[in-house]
Amino acid sequence: MSEHIRVMLPEEEIESRIKELGEEISRDYKGEEVYLIGVLRGAAFFTCELAKRITVPVTLDFLSTSSYGSGTVSSGNVKLKQDVEISPEGKNVIIAEDIIDSGNTLCYLSKLFKDRKAKSVKLCAMLDKPDRREVDVSLDYKGFTIPDEFVVGYGLDYDQKYRNLPYIGIISFDDQ
Ligand code: IMP
Ligand code: MG
């Protein structure tokens, strides 16, 4: 089986949109601080690029949840694999995800940080695949809305590969 990747969003387009998101967040939290939490590993690049574009004070942390394994279909059963190190209590939490698909991951994380008594919890995703939503969860900040295609690059993987591509591309498979 061979894999093909077609560019969907070039690096410049991704980063100029992240800059806009950073400006929006900076305006919304003027006079406050944010606790930006990236969901590893997919959101690593997005979270770091976003953090650079926020002008209010940022505390940066990461967590990881259970992933897709080697397939392309979510299990719906989210688990926390690695927790943050800094307490979210009383903080303005923003959770940064690479992509919202079924919505299960962000729904789970939103509830988790509300239960942990964050002052506020907002959800931010670089990509949104609305066609595949299973749970009702709304994003506060969104990079791009994309069609129902499996994408890789800029942190996103297929079977742990292609995270390092500087662009986002649609992966397709053909067996020969
Ligand atoms: P959700 O819980 O179904 O919303 O899925 C969120 C997670 O699924 C993301 O953090 C990604 O790791 C993974 N995911 C969903 N769609 C894609 C995709 O097109 N490419 C790579 N990973 C994806
Ligand atoms: Mg992810």
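Here the structure is a predicted model, which is why all the values come from computation and not from measurement. What's counted below: heavy atoms across the whole structure, side chains too, no hydrogens, waters or symmetry copies. Counting convention: from 1, in listed order, for ligands and their atoms alike.
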Per-atom contacts, ligand 1 versus [X] - under 4.0 Å to a heavy atom:
{"X": "Glu97", "result": "6 (C), 9 (C), 10 (O)"}
{"X": "Asp98", "result": "9 (C), 10 (O), 11 (C), 12 (O)"}
{"X": "Thr105", "result": "1 (P), 2 (O), 5 (O), 6 (C)"}
{"X": "Asp157", "result": "21 (C)"}
{"X": "Glu149", "result": "19 (O)"}

Is the backbone of Gly143 close enough, under 3.5 Å, to the side chain of Arg17 for a donor and an acceptor to pair up by distance? yes
Any non-hydrogen atom of Gly103 lying under 4.0 Å from ligand 1? yes
Hey, is Lys129 one of the residues with a heavy atom under 4.0 angstrom from ligand 1? yes
Side-chain donor-acceptor pair under 3.5 Å between Tyr167 and Glu13, yes or no? no
Do Asn92 and Tyr35 have side-chain atoms, one donor and one acceptor, less than 3.5 Å apart? no
Step by step, would you call Glu24 with Arg27 a salt bridge (charged side-chain N to carboxylate O under 4.0 Å, His left out)? CA-CA 5 Å; Glu24 195 182 337; Arg27 279 196 300 275; 5.4 Å; no
Should Leu63 and Leu40 be marked as a side-chain contact (heavy atoms from CB on, under 4.5 Å) after you check the CA-CA gap, both sets of side-chain angles, and the distance that decides it? CA-CA 6 Å; Leu63 55 75; Leu40 293 172; over 6 Å; no
Would you indicate which of Leu156, Asp159, Val137, Val151 comes nearest to atom 20 (N) of ligand 1 when only heavy atoms are counted? Val151
Between Tyr158 and Phe150, what is the ring plane arrangement, given parallel below 30°, perpendicular above 60°, and tilted in between? perpendicular
